[in-house]
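Accompanying notes for the structure given below.
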Amino acid sequence: MIHSPYIRKPASVQSVMLAVLLALLPGVTAYVMQVAAVVVVNLLIATVTALVAEALILTLRKRPIAPALSDLSAVVTAWLVVLCFPPILPWWVTVLGVLIAIVAVKHLYGGLGQNPFNPAMVAYCAMIVAFPSLMSQWPPAGQIDFQTQLDLVLGGARQLDAITGATALDAMRTGLRTSGASVDSVLQQSGTFGAVGGRGWEWLALGYLAGGLFMLARRIITWHMPVAFIATLAVVSGIFWLAEPARFAPPLFHLASGGAMLAAFFIVTDPVSGATTPRGKLIFAAGVAVIAYLIRVFGAFPEGIAFAVLLMNLCVPLIDMKTQPAVFGHRGSRP
Amino acid sequence: MIARLFNFHGGIKPDSHKNASAAPPIAAAPLPPRLTIPLRQSVRSVARCLVAPGQRVLKGERIGAGEGPLGTDVHASTSGTVVGLAPCAMAHASSLDTLAVVIEPDGKDEWIERRAFDHRAVPREAALRYLSACGIVGMGGAGFPTHIKLGNGRGIETLIINGAECEPWITCDDRLMRERAAEILSGAAILHELIGARRTLVGIEDNKPEAIRAMREAAAGFPGLVDIVAIPTRYPAGGEKQLIRVLTGIEIAHGKLGTEFGVQCFNVGTAQAVHRAIHHGEPLVSRVVTLTGNVRRPGNYEVLVGTPVETLLALAAPKPDTDRYLMGGPMMGITISDLSVPIGKTSNCIIAASAALFPPPPPELPCIRCGACARACPADLQPFELYWFSRAKNVGKAQEYHLFDCIECGSCAFVCPSHIPLVDYFRFSKSEIWARERELKASDQARERFEFRNYRQEREKEEKAAKLAAKAAETRAKLSGSATPTDAATGDDPKKALIAAALARARQQVAVEPRNTDTPHAGVPGASPGIASRREQPDLHDSDATS
Amino acid sequence: MNLQTFRENAWNGLWKQNTGLVQLLGLCPILAVSTSIVNAVSLGLATVLVMAVSNFAVASLRNFIPYEIRIPVFILIIAALTTVVDLAFNAYLHDLYLVLGIFIPLIVTNCIVLARVEAYAAKNDPVSSTVDGIMMGLGLVWLLGVLGGIRELVGSGTLFSGIEMLIPGLSPLSVFGDDYPGFLIGVLPPGAFFTLGCLIALSNRVRTRAAAGKPARAASDGEEAAPASAAP
Amino acid sequence: MLTALLVMTGIAIVLGAALGYASIRFKVEGNPLVEKIDAILPQTQCGQCGYPGCKPYAEAISNGEADINQCPPGGEEGIRKLADLLGREFKSLSEEHGAEKPKSVARIDEQLCIGCTLCIQACPVDAIVGTAKHMHTVVPALCTGCELCVAPCPVDCIAMTPVKETLETWKWKYPVFELRSAA
Amino acid sequence: MSSYIFIVIGAVLVNNVVFVRILGLCPFMGVSKKLETAIGMGAATTFVLTLGSGTSYLIDHYLLQPYDLAYLRTLSFIVVIAAIVQLTELVIQKTSPLLHQVLGIYLPLITTNCAVLGIPLLSVALDYTLLESLLFGFGSSIGFTLALILFAGLRERLDGADIPAPFKGTAIAMITAGFMSLAFMGFAGLDRFQ
Amino acid sequence: MSNRYTATHTSLRTAGIMVVFTLAFTAMMSQTYRVTRPAIDASEQEQKMRLINDVLPPGSYDNALLDDFVAAGPTPELGLDRGGRIYRARRAGVPAALVFEAVAPDGYGGKIQLVVAVGADGRLGGVRVTAHKETPGLGDYIDPRKDRNKTRPWIGQFAGMSLVEVAPAQWKVKRDGGVFAYRIGATISARAVTNATGRVLEYAAEHRDALFAASTGSAI
Ligand SMILES: Cc1cc2nc3c(=O)[nH]c(=O)nc-3n(C[C@H](O)[C@H](O)[C@H](O)COP(=O)(O)O)c2cc1C
Ligand SMILES: Cc1cc2nc3c(=O)[nH]c(=O)nc-3n(C[C@H](O)[C@H](O)[C@H](O)COP(=O)(O)O)c2cc1C
Ligand SMILES: Cc1cc2nc3c(=O)[nH]c(=O)nc-3n(C[C@H](O)[C@H](O)[C@H](O)COP(=O)(O)O)c2cc1C
Ligand SMILES: Cc1cc2nc3c(=O)[nH]c(=O)nc-3n(C[C@H](O)[C@H](O)[C@H](O)CO)c2cc1C
Ligand code: SF4
Ligand code: SF4
Ligand code: SF4
Ligand code: SF4
Ligand code: FES
């Protein structure tokens, strides 16, 4: 028998995920125009892989397929995998990454809503650890033509040194660490940098920001995570920068580079694997920002957001447990 | 005028659907051919039957005497003949039966002698007893006896009259306030005096401007008594704790009652019923019921308690595509599985539901922890956590996360994008916890009795041994060496042996075969199949066993 | 010691109470050393030796050990025997020692050794205790072999790398050819956890199948495990 | 060699003495765990677990003699709680000890009862009232449904009747929806 | 001073005993089903490991090295640690019988929590001073406790998840540990700022 | 009081038993150690020789290499912060080559231990990694046994090089603007070994004569 309530808001998981995909579009457009158009091909490959993998597993588990496929959550995951990976990866790396995200992270834990880790970020971490060199080959923004990009993706011979360049974060790190240069000299010497971050990549950051604001307006996400993430990243990098401007890059550089904006609005906000209470969300996002900064600046990996997200995912049960909001009639007490 | 309203967290704004049924004035429902008046008006309150089949009763005559601390009296809703005592389905999600008095109306609708009651002339307790004798219970939903809620007449600062009527579709309180504002306020004045309040507030959602206007006009007749406050329309603003919060800013602490914070809350219908009882001497025998939904003639009717829903429905002319009926609002009501259910004192609304108006819920998807439910929850709960634990049947953990602060308002399920019937999970967990508490009590009792029995047997054995020793000594003293004391002990040995054998058998059966197969096992005397077959027999007397 | 107990010991050690799959003891060496088949199996065999000897020693001396100091005494015995084995290998089987050497002291800390001593040898006669030690150890060996094989294959595309040091003349198999990029996670710590997790899942499945009375159909097991092995 | 022996002997003496002393000094009596286990058991006192009552079974569990899945009246829920308490893995009810059944109470057919008092003596919780040669009755509120009284009755007049649902004991069902086939 | 901090950071995060050094896995898998027991086990291990590191240093520095008895290292360390464990067990049994029952078989197994021997051996190999050994032992056991607590939190949450049947229980726990170890790789390099 | 007595008594008893066990097993260990020690020492020498033979052809000298060494204290140039040994190969008493124990401190996984043979002419005999913690499958190609390219292992490129052919400023991996090959994706390991080798060569050039002149076993 059906019990009350008998009426429901016309909301669905599908509409939520669709909104996320829509919100990604400005960023994707900037990607295509400014960096590498081949990302569209990657998105296609990833989407198909995600859907096929999901369908296969559900068949194996003898679960209904249609609702799971149509909820679009796998597509969101697939897109985020692609947007975190370098665009000129051979296609099989993308496929493997999506498979890890969907099969090993999402469905081993029972599918949508049950995975304690962010699937896209696990995919990134797994792949950068497994294929550190492939995963650090980024094309310089807008300098190779589409045909070359496509050849690289579909498996032509890879003349890597010739094509790839360092990302802004990478260039900054190598510059600061191995050649002992100062931030200013690094910023000036290389064509990698634009006004505030990596050249061309700044536009992506702007695109993601726009999409994020759209999601905020649509109430898909709440303000806590993006605000806490951006503020913390700015404050932490600001402190280091003020202390030693020659050794540490300015906050704006950190915010506009790498995946900071994508992370602020689309990744730390993953509802499934993130903290859920308002205070918990603040702690979670701030934690991601701090760890990501430390890894970027002192650690072994050029971009630390993925690991930071994963590390904070580990803490989510504890954070949620300790930040339960006071229930009506219980102000000042927690479970 | 109250300067400041407070806010409660969460809440939702579903489409109200109130206009259609709120338009026509309240009409009296015709007398049904039969009235079925349950002796049990809510799960908690039970009454003892006072009439016998064949007896003629008048309208307002007492037919049931309240039993226990929460009992209130039950009255005949019209004059006629008691034709029987029969089980009838309760307006309760379980649809379990309860005993009801069936009355065949004689069509005269003849009242008992009605006399106004001067509550100021008698001690307060007598006035409360009078209300109880008039069968006044809360008409806002829970049916809690009003005389108990009136308490001891001390310590109440604010009396709140709940005219929020926050659920969609329902308009009975709206109409009542528009048409009988003066009666409501008169009732409020009585409640005010009885409870000893300093001030009285009437909270009405601001989507009922006519009701607010009518109440304000009527309030002029009670100078200084009440403030009529328009509150923002947001479900569940009518929930007791939410309304108290909005009007006074007080947050009733967990496990506490409003009275402990100096606030008490009554429904407008309750207030009107109090007025009728005190000033007109009329027990509570009818109420206003909204008939709406997928019907041609939505509206409000004054309905006698005990009127079967099916006879009422004809008034509203349900459309042919109606597939089920709801009692109560769409947020908290129940589906009526049996249309013979009688209208009770808390039945405020019957909604004819069709697939178009109330589509069946889309398939349940896993929770994506989006937090929409937490944002909607007026109790500041994290419904998805409660759901996570309830789904895993980890009800203890759900309780730790304050399951029992959930008021089952359904806001969370309303917003959930995964269409999870969250409230059902919470109800499941709650009743599971209650059941476990009952079991725990039973097992504590069993343990105590078992230990006591062991202690008693031990003691008896000792006493017997002492007696035997004494006897033996005596015998030995008398003669020498012929009778041994053990002979005396054998007297009760056969019984003990039997029990031991039974225990052994019981254990053996268990080891050898599942208990309720009916193939007798070689070597085991026929007891086992016997037990099994007897257990499967339907039993005629199980009411003894369960009462 | 009769055939029956022997069978029981063998079945327990190899499958029913397998240390890595069921008891979840001795996990550290299992996970740490299974980066290649050769490493894994070598350590497994060294463990078999230590377990057999220490089970025998404890079972023989069990009547002389007071309860409250049993753990220190057991550990004393295990540690001493391990050191002796280690020294002996070093001196007389030096080539083998070069491969196994670093793993042997690790055996002391392998809790499965103490667990078996405490759970079995302290209560049983020396002969069946020795058999128990050997069987438990062999259960470890096959698991280590499988784990090492999978990780090596996934991680670097080879099998039996390092075999030339153990048995000169043999050479490793390069299964996927020299172009295989190497899925590094396989040989890193996370790969160890994933692979063992998947093996446990597989064994669970086989066990439930067996318990359900259906013959475990190899084909469908393979299918079911597919998502697992696709996971690194 | 000598230094080695001396060093190790020294260590051994110190440690052995300390341990020996501590084992006396910190000796424990009693076992609070039994109470905790007993509190979880349903107190049906039926003996299906293979022990004469719940307390003895609790003692057996705490000593490691009995497994946690031997009490059918406690059901899965009971096993789960025991597993939680003891930090063990959950296992399903052991088949040889019986199956979980709907709760029942004994009822004596008063027409047949000859008043032999055998059932009274079998009942572990004194739930049967009556005196010799007079009709006996089960007090349903006290009966745990252990069935121990059934077998001793010489005229087979005791039957177990499942407890019927009332408004007080009615439970909301676990929500099940077609599209979510059970795991 | 900063080198002490790096020793602790390194032991807690970068070279976490469980996820990077792969030590102490049996209690990590066994005692992580509930948060309370995880905390208890963590505390017990911290106590034993810190004390063990100090004692081992003293034995190594004042007995074994002067008399050239390095081959007795494993033996003497493990025996001393075993004794410390047994002492702890006796004390806990008296003072907190419930903790004792819950930790049941794991208390004796602290001895063979390989971390308890592995960490003192490592700190000898790393040539740490007494203070450094203590910090290293303490940091490592904090790392162990951290891993245990995070893992227990996750496992409590996993209780309700609809995990494929063969993966229920230890298999998914193992895989979760894998993801945790992957996450901890992110700390690589943080213990050697230039 | 009697309780105290029992405690003492039990303590003594357990201590006694513990001592007996300890004595027995320590005796067993010591005995084994004594018996095996010569064999073990011999094997260790042999192993060291094997490594050295990889970098220095056994025929190119005739002295007892392992006994002819200088103990170096902490030497940052060689990466030795706890000291190490430098062996001297002579042929008919004439200095033939120096074999350095050296450490590359900046590998991906930490220190990489090396042996480096430098001929009397300043030419590299060869470089071998004796211990490292580079990532298996990625950075471990610096160990020729793990290098997939068995015919021309990466580390082989150093043999025969000297500071004459490659100026100190060029003694780097290609990515850093030098001449030496590296494996993409694992530059750090290659960089560490290359730079350490360069430093050894410079050290050797500077101190060659002093090293050969020092008396055997002496410390510098
Ligand atoms: C066991 C119980 C005892 C109660 N006792 C009192 C009481 O002493 N005084 C009172 O004013 N209300 C009492 N109430 C009434 C509740 O506070 C509340 O007003 C009533 O349940 C109606 O709530 P609802 O219609 O919001 O669900 C009691 C309720 C329950 C369930
Ligand atoms: C979610 C929720 C919504 C409610 N809405 C109303 C309402 O709109 N009007 C009302 O009178 N009572 C409403 N109630 C019942 C009140 O909480 C409270 O029981 C009632 O006002 C007490 O008055 P009574 O004792 O006269 O029934 C609601 C209860 C809940 C839990
Ligand atoms: C898990 C992991 C292990 C790595 N191990 C090594 C290694 O052992 N040796 C190495 O040189 N680089 C290693 N790297 C790669 C470095 O981080 C860095 O990306 C690389 O050395 C730069 O090489 P490239 O300049 O050729 O891209 C590793 C990277 C990761 C993610
Ligand atoms: C706001 C939002 C952010 C999301 N971010 C991620 C993400 O970072 N990574 C990912 O794999 N899926 C993401 N998803 C999709 C979905 O939550 C994810 O597939 C689940 O984790 C799968 O259980 C996101 C969804 C929403 C609504
Ligand atoms: S609204 Fe539904 S999907 Fe969202 S968190 Fe709540 S229960 Fe989960
Ligand atoms: S039904 Fe309960 S949990 Fe849901 S919104 Fe209402 S009070 Fe909150
Ligand atoms: S089986 Fe019966 S006697 Fe045993 S514990 Fe359970 S209820 Fe008690
Ligand atoms: S009456 Fe019978 S079934 Fe009930 S408790 Fe007593 S012996 Fe058990
Ligand atoms: S083997 Fe390391 S803890 Fe068990």
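This structure is a prediction, so every number in the text was calculated from the model and none was measured. Scope of the values below: all heavy atoms of this structure, side chains included, with no hydrogens, waters or symmetry mates.
Listed here is the closest heavy atom pair of C:Leu87 and F:Met29: CD1-O, 4.4 Å. Nearest approach of F:Phe25 to C:Leu61, heavy atoms of both residues: CZ-CD1, 4.1 Å. When every heavy atom of F:Ile17 is checked against every heavy atom of C:Phe64, the shortest pair comes out as CG2-O, 3.8 Å.
For a residue to count as touching a neighbouring chain, one of its non-hydrogen atoms must lie under 4.5 Å from one of that chain's; by this rule C:Ser156 touches chain F with backbone and side chain alike. Using a 4.5 Å cut-off between heavy atoms, F:Val20 does not touch chain C at all. Heavy-atom distances place both the backbone and the side chain of F:Thr22 under 4.5 Å from chain C.
Taking C:Val187, C:Thr158, C:Leu76, C:Thr35 one by one and counting their heavy-atom pairs under 4.5 Å with chain F, the maximum is reached by C:Leu76. Between chain C and the options F:Ser43, F:Ala24, F:Ala39, F:Ala42, heavy-atom pairs under 4.5 Å are most frequent for F:Ser43.
Remark: F:Thr32 OG1 to C:Asn90 CG distance equals 12.5 Å, nearest 0.5 Å.
More than 12 heavy atoms of other residues, nucleotides or ligands shown are found within 6.0 angstrom of CZ on F:Phe69.
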